[in-house]
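Structure, as structure tokens:
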Amino acid sequence: MSEEKQNILSDHLEKKKLWELIAIVIVTAVIWNLPSAAFGIEGLTVIQQRVIAIFVFATLSWLTEAIPSWATSLAIITIMCLTVSNNSISCFKGEGPEFGELLKSKDIMATFANPVIMLFLGGFILAIAATKSGLDVLLAKNLIKPFGHKSENVLLGFLLITGVFSMFVSNTATAAMMLTFLTPVFAALPANGKGRIALTMSIPVAANIGGMATPIGTPPNAIALQALNQQLGMSLSFGQWMAFMFPLVTIILLISWRIILHFFPFSQKTIDLEIEGHVSHGWRMWVVTGTFIVTILMWLLDQVTGVDANTVAMIPMGVFALTGVITGKDLQKIDWSVIWMVAGGFALGLGMNGSGLADRAIESIPFGSFSPIVILILSGLICYFLSNFISNTATAALLVPILAVVCTGMGDKLGAIGGTSTIIIGIALAASSAMCLPISTPPNAIAYSTGLVKQNDMLKVGLTVGILSLVLGYAVLFFVGKMHFLG
């Protein structure tokens, strides 16, 4: 393509994005100024209506990419600080129950340093250290070797290895580590083929799905388990959870393998896995290897040590900084735009929860008058939709307590679908199935940051695998519940 044509195309795209942004701003302004009665939510406050408008702005901006995803997130945080916080511009402040309670600006700004952001950074630092020391080359050689040279089998290897790691280790950290192992494999693939996209997409898909298999695999699982055992008096154990979730996850991973191959077939049928690369045999390798082992063990034994995964992520940052494994120049390799993008999702969740909008919206739905099947499907779809745009942990933390109360009040009525456990565990499953957008989960964001995956690629695979996961997962939960396996 000539330079002139490229300039014309570039101008056309810029104008298209400008018009999209103008349309988004107009829609947002209309929603911002609508009469509160138009939303059908009783007792909706001015602050909550503004949060709805900001949510619409974020959703449309992320979907259309009228502005970069990280810019959308920064815009969310800026708008919230200026219009719905205690430090808002004077004209946006008000008083009284109809106006609602302003959020604290320091809480909004703190989303930049959310504990999960620290986990995110820890994963990046581990990945940089692995690449710098050559540990990624060693692991790539030893873990992928059993799967042979056939391209399809190599893809399966990455899916299964990532899935197993994600069962016990943070899916964010798992995705960051596994993507570093792909670098030497990419060298054996044609730059213009779809194989690189397939391999890159396998990491977030497997990280998201793999976490379903254990109660510690992902925070929504822990939230659901706590509700079942403490709020509802059940005694669901780690082994019981894995007994039905591990086979489910294995099946979904195998089907995901074929789905990814359908959308992104390899043009090269074999991959030469004679992985080359510099491997440090000095003190640096020992420091990195030792820190990797300690970090992973502490992630696995968080209930024994009492140190949560976010705090454990600080260990590699501290150790590598003190020993000089990571330098200030290395920090420039972190894709900070992805960090801002994730922070925007947390800020949106804070706005919805902190303003009371999420509670009011859920409570406005008359669950008690619905049939068990409707409650099951509706709760799963609501969770799936919200988790695609805001933190799956925040979504589960919102829905699980409310549904636990609703389900308790319904007594034996839920027996037709296997009981309360079907709905509560279903929320955790739906949260992990949401992977349509780069901002849906940290693993998605990490994969998107490589530049190898476009948003449409992620949407195709994420939507297909997510819906499949929901259908199979709820079918398994229904069967397990009807068999009274969970007590």
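Note that the numbering runs from 1 along the sequence shown for the chain.
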Working for side chain to side chain contact (heavy atoms under 4.5 Å, CB included), residues I427 and S379:
CA-CA 7 Å; I427 292 297; S379 62; 4.0 Å; yes
How close do [X] and [Y] get, counting heavy atoms only, and between which atoms?
X: L348; Y: A58; answer: CD2-CB, 4.0 Å
X: A431; Y: S387; answer: CA-OG, 3.6 Å
X: N208; Y: P443; answer: OD1-CG, 3.7 Å
X: V51; Y: S355; answer: CG2-OG, 4.0 Å
X: A347; Y: I77; answer: CB-CG1, 3.6 Å
X: L452; Y: I197; answer: O-CG1, 3.6 Å

Supply the atom-to-atom distance [X] [atom1] to [Y] [atom2], rounded to the nearest 0.5 angstrom.
X: L126; Y: I315; atom1: CG; atom2: CD1; value: 10.0 Å
X: F99; Y: I47; atom1: CZ; atom2: CD1; value: 4.0 Å
X: R50; Y: L103; atom1: CZ; atom2: CG; value: 11.0 Å
X: L102; Y: T83; atom1: CG; atom2: OG1; value: 9.5 Å
X: S105; Y: N86; atom1: OG; atom2: CG; value: 4.5 Å
X: T162; Y: N171; atom1: OG1; atom2: CG; value: 11.0 Å

In this structure, are over 12 heavy atoms from other groups packed under 6.0 Å from K93 atom NZ?
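Yes.
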Apply side chain to side chain contact (heavy atoms under 4.5 Å, CB included) to [X] and list each qualifying residue two or more places apart in sequence or on a separate chain.
X: L322; result: none
X: L459; result: C436
X: A445; result: F120, V338, M341, V342
X: L261; result: E152, L155, W257, R258, F266

With a 4.5 Å heavy-atom cut-off, do [X] and [Y] have their side chains touching?
X: L199; Y: I260; value: no
X: V249; Y: M167; value: yes
X: I79; Y: V84; value: no
X: V288; Y: F320; value: yes
X: F389; Y: F55; value: yes
X: L82; Y: F92; value: no
X: T45; Y: E101; value: no
X: W241; Y: I425; value: yes

State which residues pass side-chain hydrogen bond (donor to acceptor under 3.5 Å, both in side chains) with [X]; sequence neighbours excluded, sorted by chain then number.
X: K17; answer: none
X: Y384; answer: none
X: N392; answer: none
X: S433; answer: S469

Backbone of A447 reached by a side-chain donor or acceptor of T200 within 3.5 Å:
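No; judged by distance alone, with no hydrogens or angles, the pair does not exist.
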Quick one: does S88's side chain have a donor or acceptor within less than 3.5 Å of a partner on S85's backbone?
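Yes, S88 side chain to S85 backbone: donor-acceptor pair under 3.5 Å.
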Considering only residues two or more places apart or on different chains, which pairs with a residue in residues 16-41 satisfy ring pair (Phe, Tyr, Trp, His ring centres under 6.0 Å)?
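Qualifying pairs, neighbours excluded: none.
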Flag for S440-N388: side-chain donor and acceptor within less than 3.5 Å:
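S440 and N388 do have a side-chain donor-acceptor pair below 3.5 Å.
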Is there a donor in the side chain of T441 and an acceptor in the side chain of N444, or the other way round, less than 3.5 Å apart?
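A donor-acceptor contact under 3.5 Å links the two side chains.
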Evaluate the criterion side chain to side chain contact (heavy atoms under 4.5 Å, CB included) for residue pair V319 and T295; output intermediate values, then yes/no.
CA-CA 11 Å; V319 171; T295 302; over 6 Å; no
Any chance you could lay out the side chain to side chain contact (heavy atoms under 4.5 Å, CB included) test for W340 and T111, step after step, and finish with the verdict?
CA-CA 9 Å; W340 307 145; T111 54; over 6 Å; no
Kindly state each residue pair satisfying side chain to side chain donor-acceptor pair (under 3.5 Å) with at least one member in residues 449-458, sequence neighbours excluded.
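Residue pairs with at least one partner in residues 449-458: there are none.
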Return each pair, listed once, that meets side chain to side chain donor-acceptor pair (under 3.5 Å) where at least one residue sits in residues 312-332; pairs must be two or more places apart or across chains.
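Pairs touching residues 312-332 that pass the test: K132-D330, T327-D330, D330-K333.
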Let's go through V46 and Q49 carefully: what are the C-alpha distance in whole Å and the side-chain angles of both, what is the deciding distance for side chain to side chain contact (heavy atoms under 4.5 Å, CB included) to 0.1 Å, and is it a yes or a no?
CA-CA 5 Å; V46 172; Q49 183 171 337; 5.7 Å; no
Which pairs, with at least one residue in residues 20-32 and sequence neighbours excluded, count as a salt bridge (charged side-chain N to carboxylate O under 4.0 Å, His left out)?
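Salt bridge (charged side-chain N to carboxylate O under 4.0 Å, His left out) check on residues 20-32 returns K16-E20.
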